[in-house]
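Below: one structure, written as structure tokens.
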Protein chains: 2
Amino acid sequence: MSAAHPVPSTASDAVWKALADPTRRQLLDELRRGPRTTGDLCGLFAMTRFGVMKHLRQLEEAGLLLIERRGRERWNHLNPTPIREIYRRWIRPFEEEGADQLLQLKRVAERGVAAKPTRKKTR
Amino acid sequence: MSAAHPVPSTASDAVWKALADPTRRQLLDELRRGPRTTGDLCGLFAMTRFGVMKHLRQLEEAGLLLIERRGRERWNHLNPTPIREIYRRWIRPFEEEGADQLLQLKRVAERGVAAKPTRKKTR
DNA sequence: TCAATATGTGACTAAAAGGTCACCTATGAG
DNA sequence: CTCATAGGTGACCTTTTAGTCACATATTGA
């Protein structure tokens with residue numbers, strides 16, 4: 001696909017995908033409290049070890065994990081940088097521009113009518 | 001599943017899922033500049049009208065869209081509130097606690113060794 | 001050495017998601 | 001009314017993703 005209007009597919013796509021799953025968000029929440037071994041993390045979920053490991057791999061590929069090997073153990077460390085990146089480049093802009101938009105929305109919700117924008121070519 | 005450790009499945013799950021797709025993020029980016037009709041939005045992508053409409057529906061179900069009907073047109077308005085909610089309840093905490101964690105990570109990356117945490121039961 | 005522990009890989013199944021198509025409804029202009 | 005236009009729905013196909021299982025490797029302690 002992606003002929004005339006290719007989908008960007010930036011490097012942060014993997015981060016968004018990683019954050020989309022509740023299990024992975026829970027993993028990040030746990031790692032926010034400190035580093036954990038893979039085995040520790042497996043004990044937190046109702047799925048098998050392999051399922052958790054698959055999630056960990058996706059987090060790692062998204063750059064959200066730094067991994068430290070100690071003998072036969074693997075300590076997983078959270079890397080918050082990609083999340084900050086997403087915030088700076090995507091979420092914060094929504095915070096900034098929201099003020100007057102919210103007023104418009106209030107009108108839409110209350111009266112079913114907003115400011116009337118001029119129409120473009122509809123194709 | 002979800003036997004011993006049920007996955008939360010909060011109301012914001014739909015928002016995360018909605019944000020996971022690059023096409024939907026692009027739609028939100030466009031709507032951030034102002035309200036658009038469904039037809040307008042369809043012209044921005046290389047997919048058919050139906051594909052775009054499916055994405056719009058998912059955005060709506062996640063609460064990210066407010067819809068205003070004007071005759072036979074539908075004006076889609078961005079509702080930034082759910083994104084702010086996600087920021088406040090999930091992303092901002094990562095910003096706050098990150099400082100010392102980042103120091104630890106530097107050690108991990110540079111020397112391959114971090115502070116040695118005490119081990120728990122591995123199961 | 002030997003066995004228990006901790007982790008890793010590849011193939012496989014089932015469900016969900018992205019996308020298209022055929023078809024339908026409603027509105028506005030003449 | 002009539003017809004072109006904007007929007008909407010459901011079935012359908014294809015790809016991706018979540019999760020499991022069988023099997024394999026590496027490390028530690030006795």
Side-chain angles (χ1 to χ4, degrees), chain A residues 1-9 13-27 35-62 65 67-76 112 117 119-123, chain B residues 1-9 13-27 35-62 65 67-77 117 119-123:
Chain A
M1 303 306 134
S2 68
H5 305 272
V7 182
S9 175
D13 269 28
V15 182
W16 282 110
K17 279 280 168 73
L19 294 177
D21 185 276
T23 299
R24 288 193 287 269
R25 289 199 301 278
Q26 210 170 324
L27 279 169
R36 298 282 187 274
T37 70
T38 301
D40 287 342
L41 295 172
C42 289
L44 299 176
F45 297 90
M47 72 183 67
T48 64
R49 185 172 64 87
F50 313 99
V52 175
M53 278 183 47
K54 229 173 169 181
H55 286 300
L56 285 176
R57 165 185 296 244
Q58 289 178 73
L59 289 174
E60 184 189 1
E61 288 175 348
L65 247 52
I67 288 170
E68 167 202 7
R69 290 207 164 69
R70 281 185 163 259
R72 61 181 167 184
E73 290 179 339
R74 179 177 105 163
W75 288 88
N76 303 276
R119 188 57 187 300
K120 310 181 195 174
K121 176 162 167 291
T122 311
R123 183 218 216 176
Chain B
M1 300 308 128
S2 70
H5 304 272
V7 183
S9 174
D13 268 27
V15 183
W16 282 110
K17 279 280 169 71
L19 294 177
D21 186 275
T23 299
R24 288 193 289 268
R25 288 199 302 277
Q26 210 170 324
L27 279 169
R36 298 283 186 274
T37 70
T38 302
D40 287 341
L41 295 172
C42 290
L44 298 176
F45 297 89
M47 71 182 69
T48 64
R49 184 171 64 89
F50 314 99
V52 175
M53 279 183 47
K54 229 174 170 181
H55 286 301
L56 285 175
R57 168 186 293 248
Q58 289 178 73
L59 289 174
E60 185 188 2
E61 287 176 349
L65 247 52
I67 289 170
E68 168 202 7
R69 291 207 163 68
R70 279 185 165 260
R72 58 182 167 181
E73 291 178 341
R74 178 178 105 162
W75 288 88
N76 303 276
H77 298 253
R119 189 56 187 301
K120 310 179 194 174
K121 174 163 166 292
T122 310
R123 189 224 212 172

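Chain letters run A, B, ... following the sequence lines, proteins first, then strands; residues in each count from 1.
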Listed nucleotide nearest any side-chain atom of A:Arg24, set D:dA18, C:dG19, C:dT7: D:dA18
Result of checking A:Leu56, A:Leu65, A:Asn76 against A:Leu27 for side chain to side chain contact (heavy atoms under 4.5 Å, CB included): A:Leu56
For atom CD of B:Glu68 and atom P of D:dA6, their distance in whole Å: 17 Å
Residue-phosphate contact under 4.0 Å: B:Lys17 side-chain N/O, C:dA17 OP1/OP2: yes
Minimum side-chain heavy-atom gap A:Thr23-A:Met47 below 4.5 Å: yes
Sidechain-backbone polar pair: B:Arg74 side chain, B:Thr38 backbone, donor-acceptor under 3.5 Å: no
Distance in angstrom units between A:Met53 CE and C:dG10 C1', rounded: 12 Å
Closest contact, heavy atoms only, B:Ala62 versus B:Val15: O-CG2, 3.5 Å
N/O donor-acceptor pair under 3.5 Å between B:Arg25 side chain and B:Ala20 backbone: yes
Nearest-angstrom distance from the residue atom CZ of A:Phe45 to P of D:dA18: 13 Å
Test item: B:Glu68 and B:His77 side chains (from C-beta on) under 4.5 Å apart, heavy atoms: yes
Base-contact (B) and sugar-phosphate-only (S) positions in nucleotides 22-30 of chain D, heavy-atom cut-off under 4.0 Å, - elsewhere: B----BS--
Atom-to-atom span, CG of B:Leu56 to P of D:dA6 - whole angstrom: 16 Å
A:Gln58 vs D:dA18: side-chain N/O to OP1/OP2 distance below 4.0 Å: yes
Earlier contact from the 5' end, DNA chain D, for B:Arg74 and A:Thr48: B:Arg74
B:Arg36 CZ - D:dA6 P separation (whole Å): 17 Å
Rounded distance (Å) that lies between atom C1' of D:dG7 and atom CG of B:Asn76: 11 Å
Rounded distance in Å - CG (B:Asp13) to P (C:dA17): 11 Å
Per B:Lys54 side chain, nearest of listed nucleotides C:dT9, D:dT20, C:dG18: C:dG18
A:Gln26 side chain reached by A:Phe45 side chain, heavy atoms, under 4.5 Å: yes
B:Arg69 side chain near D:dG8 phosphate (N/O to OP1/OP2, under 4.0 Å): yes
Under-4.0 Å side-chain N/O to phosphate OP1/OP2 contact, A:His55 with D:dG19: yes
Between P of D:dT16 and CG of A:Asp21, the distance in whole Å: 18 Å
